[in-house]
Each structure stands twice: as C-alpha cells, then as structure tokens.
2 protein chains.
Amino acid sequence: MTMINLDGFFKSAFTVDNVIFGFDEGDLKVLLIKRGEEPFEGQWGLPGYFVKENENLDQAAVRTLEELTGLRKVFLEQVATFGGVDRHPSGRVITVAYFSLIKINQYTIQPSSIAQHAEWVSIKDAKNLAFDHGDILKACFNRLKLLVRTRPVGFELLPPKFTLTELQHLYEAILETDLDKRNFRKKILSMNLLIDLDETQEGVAHRPARLYKFDKKKYDELLADGFSFELKESRRKIAEHLQN
Amino acid sequence: MTMINLDGFFKSAFTVDNVIFGFDEGDLKVLLIKRGEEPFEGQWGLPGYFVKENENLDQAAVRTLEELTGLRKVFLEQVATFGGVDRHPSGRVITVAYFSLIKINQYTIQPSSIAQHAEWVSIKDAKNLAFDHGDILKACFNRLKLLVRTRPVGFELLPPKFTLTELQHLYEAILETDLDKRNFRKKILSMNLLIDLDETQEGVAHRPARLYKFDKKKYDELLADGFSFELKESRRKIAEHLQN
DNA sequence: TCGAATTAGTGTAAACCTTACACACTGAAA
DNA sequence: TTTCAGTGTGTAAGGTTTACACTAATTCGA
C-alpha cells in the first residue's frame with residue numbers, strides 16, 4: 001500500500017492559546033500574561049503553549065490550563081484556529097484557540113514561570129493585546145455570549161452556592177445588557193434547574209439573599225428529554241444598545 | 001531584541017478540509033471525493049488540501065474551493081480544527097475544517113485531478129468516511145443547523161429564484177424536522193426579506209408556484225438596526241424527534 | 001433603639017408570538 | 001371533463017415576553 005509522504009509539504013509550529021474567563025465582583029475577567037520578553041514585551045497576551053508531538057489539541061489545552069491554574073475538569077471548548085502568515089514575528093505559528101470557564105476563587109497561582117506573570121484583567125480593560133490575541137479574545141467572548149444563551153454554562157463561573165442577583169449580574173456582564181430583575185428570576189426559576197438551599201448569605205450589610213445551587217442532575221435528565229435551555233436577551237434592549 | 005526561535009518546536013503538516021453543502025431535489029448533499037489511493041482507497045472522503053507556506057488558512061480554503069468547484073465568493077466559514085495524533089496514518093496532519101454553501105446548479109466540474117472523483121452525496125448516505133471525516137462532517141452539519149436558525153444563510157443554497165415550498169424543504173432538510181406550511185410562510189413573509197417576483201414556475205405538472213428572491217439589501221439594512229433573523233424549529237417537534 | 005441605607009423579593013396585565021389545523025384553487029395530463 | 005399534484009390562505013387558543021413599583025429584611029451609625 002502506497003502512502004502519502006508528508007516530507008514534501010510545508011510544516012508549521014502550532015500552539016494552543018487559552019482564553020480563561022472568570023467572574024468576580026460583578027465583573028467578567030480574563031486571565032492574561034504580562035509578557036516579559038520580545039516580541040510584544042510589556043504587553044498583555046493570552047497564555048499560549050506549543051503543542052507537543054505526541055499530544056492531541058484538546059489534551060494540550062487541558063494540560064496547559066492545569067499548568068497555569070491548577071484546575072482540571074473545567075469547562076473547556078475549542079473556538080477557532082488562527083493561522084495568518086504574519087501573525088507571529090518569528091515565523092509561521094498556527095494557533096488553536098480554546099476558551100474555558102473557571103470559578104475564580106478556586107484558582108491558585110501555580111509555580112510555573114508563566115503563571116508568575118498571570119493576572120485577572122477585566123474584559124473591558126483587555127485591550128491592545130500582543131499578536132492577534134485581541135481577535136482571539138473577541139472570538140472567544142462572542143462564543144461565550146452565544147453559548148450562555150443556549151446552555152447553562154454560566155454556573156461554571158460562579159461558586160457552588162450563589163444568589164440570584166449574582167447570577168443576573170453574570171448574565172448582564174456576559175451579554176453586555178441590563179436585565180429586568182423580576183423577569184430574570186421568573187424565567188430562571190421556571191426552568192427548575194436551581195435548588196433552593198434554604199440558606200442565606202452571611203456578612204452583608206443588607207437583607208441577605210437566598211442561596212441556590214445548579215441542579216446538574218436535573219439538567220442532564222431534561223436534556224435527554226429534548227429540553228433546550230434558552231435564555232433570551234431582550235430584543236428591544238439589544239436594539240437600544242446598538243444605537244449607542 | 002531577542003525573539004523566540006521556532007526551530008526547537010515540533011512542527012506539523014496542515015490541511016484544510018472542505019465540507020461543501022448543496023441542495024438539490026429536496027435533498028441536502030455534500031461534495032465528496034472517492035479516494036483513488038491509500039489510505040482509505042475506495043472510501044468517500046472530504047476534499048482536503050495541504051496549506052502552503054505563504055497562505056492564510058482562509059485563503060487556502062477559498063483557493064481549494066475554487067479549484068474544486070470553480071466558484072468564488074461563496075459562503076465559507078471555519079468550523080473547527082481536528083488534530084488527533086493518529087488521525088492520519090502517514091504522520092501528524094492537523095486539519096482545519098471549513099464549510100461552504102453553494103448553489104449546486106452553478107457547480108461545474110473542474111479539470112483538477114481531485115475534481116474528477118467528486119460526487120454529490122446525500123447527507124443521509126455520507127457514512128463511513130475516510131480518516132475522521134465523519135466527525136468533521138458532523139461538526140459542520142451541526143454548525144449549519146445552528147447557523148440556519150439565526151442567519152439567512154439558507155438562500156446561499158438555493159437558486160436566485162425559488163418557491164416558498166423549496167425554501168421550506170431546504171429548512172426541513174437542514175433541521176431534520178417537519179415544518180407547518182402555513183406557519184412557515186407566515187413567519188418567513190413577515191420578515192419582509194423576500195421579494196415577490198410576480199413570476200411563476202414553468203414546466204410543472206400542477207399549479208405553478210410563485211417565485212421569490214432574497215432581499216439582501218434589506219437584510220443588511222435591518223442588520224444594521226439590530227434586527228435578528230430567528231427561525232425557530234418547533235420545540236414539540238424536536239422533542240418528538242428525539243424519541244425516535 | 002430608631003432611622004437610614006442597602007439590597008432582596010414579589011405579581012399582573014398587555015402585547016406579542018407560536019401553534020394547530022382544513023379546504024378551495026390552479027394548471028397539466030389523461 | 002375529470003383527476004392529479006401541489007399551491008395558497010386565516011383564525012382562535014395557548015404560551016411567552018415585556019413593562020413596571022412597592023414591601024421586606026438586615027446592618028450601621030447616630
């Protein structure tokens with residue numbers, strides 16, 4: 001049997017770039033690296049790693065995420081591949097972008113050298129990134145917006161126990177819009193995907209809110225029955241938004 | 001300024017694989033290649049091409065699509081990248097999957113060697129593909145299903161003049177469900193995105209249907225105003241579907 | 001301990017959208 | 001002239017989304 005010989009074809013270095021989202025203090029954040037060397041020294045960039053000869057792309061993404069955050073088994077999904085000829089000044093490097101959602105308070109700084117320069121940056125402040133990382137971040141943020149409306153991934157960003165207000169703020173941060181409190185609660189609660197823990201917040205200087213957790217078991221059951229999680233943004237509010 | 005030296009890192013060959021959808025005789029089809037050589041000789045595979053040193057991924061996809069179909073300026077979008085270590089028997093080959101939508105009657109067979117073995121295969125019959133092309137096709141089909149509900153891409157698959165029944169059949173083929181004729185028409189026409197051409201079909205052995213064309217100009221205007229094209233599948237029908 | 005501050009929690013009516021459903025019309029072919 | 005095949009049309013019921021404002025619980029400081 002004759003096989004294709006790959007020697008004659010162009011080969012490129014390739015990396016995975018991780019867009020790691022977290023949510024803290026009502027603000028959606030990304031874990032960025034302050035670059036300590038050229039190119040783009042001093043600028044923010046995404047954590048990126050060369051893929052090894054013997055590992056799959058997904059494996060590389062999982063491995064590097066763990067090296068950086070210490071976390072395993074988090075939400076992680078491939079988004080897109082960026083392969084512009086001139087995207088890397090040192091030569092051709094094709095990068096596969098992954099995005100992940102982590103609970104920011106579970107994040108612990110790791111001993112790896114790159115992690116020393118990692119910082120959570122508000123998505124609003126994540127500008128002027130190195131390479132084409134601005135484009136990559138944008139693609140991942142768009143994907144998150146899309147995903148959050150059709151699958152209950154928001155819970156990946158919240159601590160196990162959360163209040164409805166926190167959940168609403170999360171959605172508002174991701175969708176970049178305001179939501180009506182009563183309608184939001186009605187909608188979320190009507191899905192029966194939250195377990196009311198019969199506990200309340202502690203240490204807040206106001207009426208404490210009830211705590212809920214996400215009922216993953218119930219969701220998996222409903223999924224199997226053809227249920228579709230759908231959380232809509234107000235169309236009117238989108239339209240208003242676009243006018244600004 | 002010190003730069004990273006890429007020589008030390010593993011490099012891989014890169015291809016683009018094209019999932020080219022067409023619609024004909026009420027049936028959604030994919031353009032596949034009957035493989036004339038090992039590996040997977042005799043099986044169907046996606047048209048795939050190595051990416052060149054000096055071209056971007058999108059350029060490679062556009063170029064190869066034209067080489068195969070003779071068509072330029074068609075709908076083309078990157079879907080996902082497949083980089084399993086063992087996906088290609090000859091060595092590491094990472095492939096970036098693109099999907100495109102073409103008007104099947106504009107397709108003309110090209111002189112390229114690969115095009116000689118190209119055939120339109122109904123999506124239902126596209127099984128047992130070479131490599132991981134089955135997974136790739138599935139990913140692209142899922143993306144098409146998603147896209148068709150939120151953007152008016154269906155028209156890319158139809159001839160410039162079409163009947164409402166043809167449009168409905170197209171949606172039914174993509175969404176793999178039945179739609180109610182009256183409700184479908186009501187919904188589509190209420191968007192005001194179709195121009196009634198005041199012409200009718202010819203050469204059919206029954207009452208001829210009116211012909212319409214897609215009003216792209218209007219759509220672009222509406223888009224700018226925050227309009228969102230949204231065509232929903234009946235939830236009940238989805239649920240029924242899942243039970244089968 | 002009282003009042004102010006802060007955030008939590010709740011219901012309804014109107015508008016809008018989606019669904020289910022059946023029959024008369026047109027033109028070609030026999 | 002009848003049959004065949006597919007086109008084209010309306011409505012009522014049910015469900016979803018929207019807009020909107022006040023009372024409840026707790027801490028803090030005076």
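Quick note: numbers below take in every heavy atom, side chains included, and nothing from hydrogens, waters or symmetry partners. All chains are named by letter (A, B, ...) in the order of the sequence lines, taking the proteins before the strands, and each is independently numbered beginning at 1.
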*Compute the centroid of each ring, for B:Phe162 and then for B:Phe214, and state whether the two points are separated by less than 6.0 Å.*
no
*Is the cationic atom of A:Lys145 (NZ for Lys, CZ for Arg) positioned less than 6.0 Å from the six-membered ring centroid of A:Phe141 and within 45 degrees of its normal?*
yes
Quick test: give all pairs of protein nitrogen or oxygen and nucleotides 12-14 of chain C nitrogen or oxygen below 3.5 Å, distance rounded to 0.1 Å.
from	atom 1	to	atom 2	distance (Å)
C:dT12	O4	A:Lys186	NZ	2.8

*Send over the distance from A:Arg182 CZ to D:dA19 P, rounded to a whole Å.*
12 Å
*Rounded to the nearest Å, what distance is computed from the CZ atom of residue A:Phe184 to the P atom of nucleotide D:dA19?*
16 Å
*asked:* Using whole Å, what does the distance between atom P of nucleotide D:dT17 and atom CD1 of A:Ile188 come to?
replied: 12 Å
*Are any of the side-chain nitrogens in A:Glu199 or A:Lys161 under 4.0 Å away from the carboxylate oxygens of its partner?*
yes
*Counting only non-hydrogen atoms, which of residues 200-211 of chain A are less than 4.0 Å from DNA chain D?*
A:Val204, A:Ala205, A:His206, A:Arg207, A:Pro208
*Would a line drawn from the ring center of A:Tyr171 to the ring center of A:Phe184 be shorter than 6.0 Å?*
yes
*Contacts to DNA chain D from residues 158-171 of chain B, heavy-atom cutoff under 4.0 Å, which residues?*
B:Thr165
*Check whether any side-chain nitrogen or oxygen of B:Lys187 sits under 4.0 Å from OP1 or OP2 of C:dT18, and answer yes or no.*
yes
*Consider only side-chain N and O atoms of B:Arg210 and B:Thr165, and report whether a donor and an acceptor are under 3.5 Å apart.*
no
